[in-house]
Amino acid sequence: MKRSLRALVSILGVALAFGAAAQTATPNIDQRQANQQARIDNGKATGALSKREASRMQAGQNKVAGMEAAAKADGKVTRRERSAITKEQNKQSRRIRTQKHDGNKR
């Protein structure tokens, strides 16, 4: 009886640990951040973004990363937090596109 109780408690502990990790997992946000960072890097490499523009775009990426870190700080990323992060990522994506295609070169 004690052995099965201990096993049950162990299993519940592991399940709770994985559940907590799942609540703070943000794979879609992380992938989008990586994609946008690649767009900025590409713009710098090709000259489509000036140093100043690239710096501003990087600051926007850092803002999103900060929002994500703040959302994860309490151990759960809520739907409202995800929505706010996605909204900011949309804004940054539009800014990256605008700056890359505005004709300013290095």
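Residues take their numbers from the sequence shown, with the count starting at 1.
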Chemist: Going by the rule side-chain hydrogen bond (donor to acceptor under 3.5 Å, both in side chains), which residues pair with Gln37 if we only count those two or more places apart in sequence or in a different chain?
Modeler: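 If we apply the side-chain hydrogen bond (donor to acceptor under 3.5 Å, both in side chains) test to Gln37, skipping adjacent residues, the hits are Asp41, Gln58.
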
Chemist: Closest heavy-atom contact between Ile40 and Leu49?
Modeler: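 Heavy atoms only, the tightest pair is O-CD1, 3.7 Å.
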
Chemist: With sequence neighbours left out, what residues match Lys72 under side-chain hydrogen bond (donor to acceptor under 3.5 Å, both in side chains)?
Modeler: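 side-chain hydrogen bond (donor to acceptor under 3.5 Å, both in side chains) check on Lys72 returns Thr26, Glu68.
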
Chemist: Quick one: pull up NZ in Lys44 and CG in Asn42 and give me the separation to the nearest 0.5 Å.
Modeler: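 Answer for the NZ-CG pair, Lys44 versus Asn42, is 11.0 Å.
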
Chemist: Hey, are the side chains of Met67 and Glu81 touching, using non-hydrogen atoms and a 4.5 Å cut-off?
Modeler: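 The answer is no; the side chains never approach within 4.5 Å.
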
Chemist: Supply the atom-to-atom distance Gln31 CD to Gln36 CD, rounded to the nearest 0.5 angstrom.
Modeler: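 Gln31 CD to Gln36 CD: 11.0 Å, rounded to 0.5 Å.
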
Chemist: Tell me yes or no: between the side chains of Gln92 and Gln61, is some donor less than 3.5 Å from an acceptor?
Modeler: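 No, no side-chain donor-acceptor pair sits under 3.5 Å.
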
Chemist: Is the closest side-chain donor-acceptor distance between Thr86 and Arg32 under 3.5 Å?
Modeler: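 Looking only at side-chain atoms, Arg32 and Thr86 do not form any donor-acceptor pair under 3.5 Å.
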
Chemist: Arg39 side chain to Ser93 main-chain N or O, any donor-acceptor pair under 3.5 Å?
Modeler: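 Yes, because the side chain of Arg39 sits within donor-acceptor range (under 3.5 Å) of the backbone of Ser93.
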
Chemist: Nearest 0.5 angstrom please: Asn35 CG to Asp30 CG, how far?
Modeler: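 One gets 11.0 Å once the value is rounded to the nearest 0.5 Å.
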
Chemist: Take Asn28 and Arg82 through the test side chain to side chain contact (heavy atoms under 4.5 Å, CB included) and record every step on the way to the result.
Modeler: CA-CA 10 Å; Asn28 294 338; Arg82 283 181 198 276; over 6 Å; no

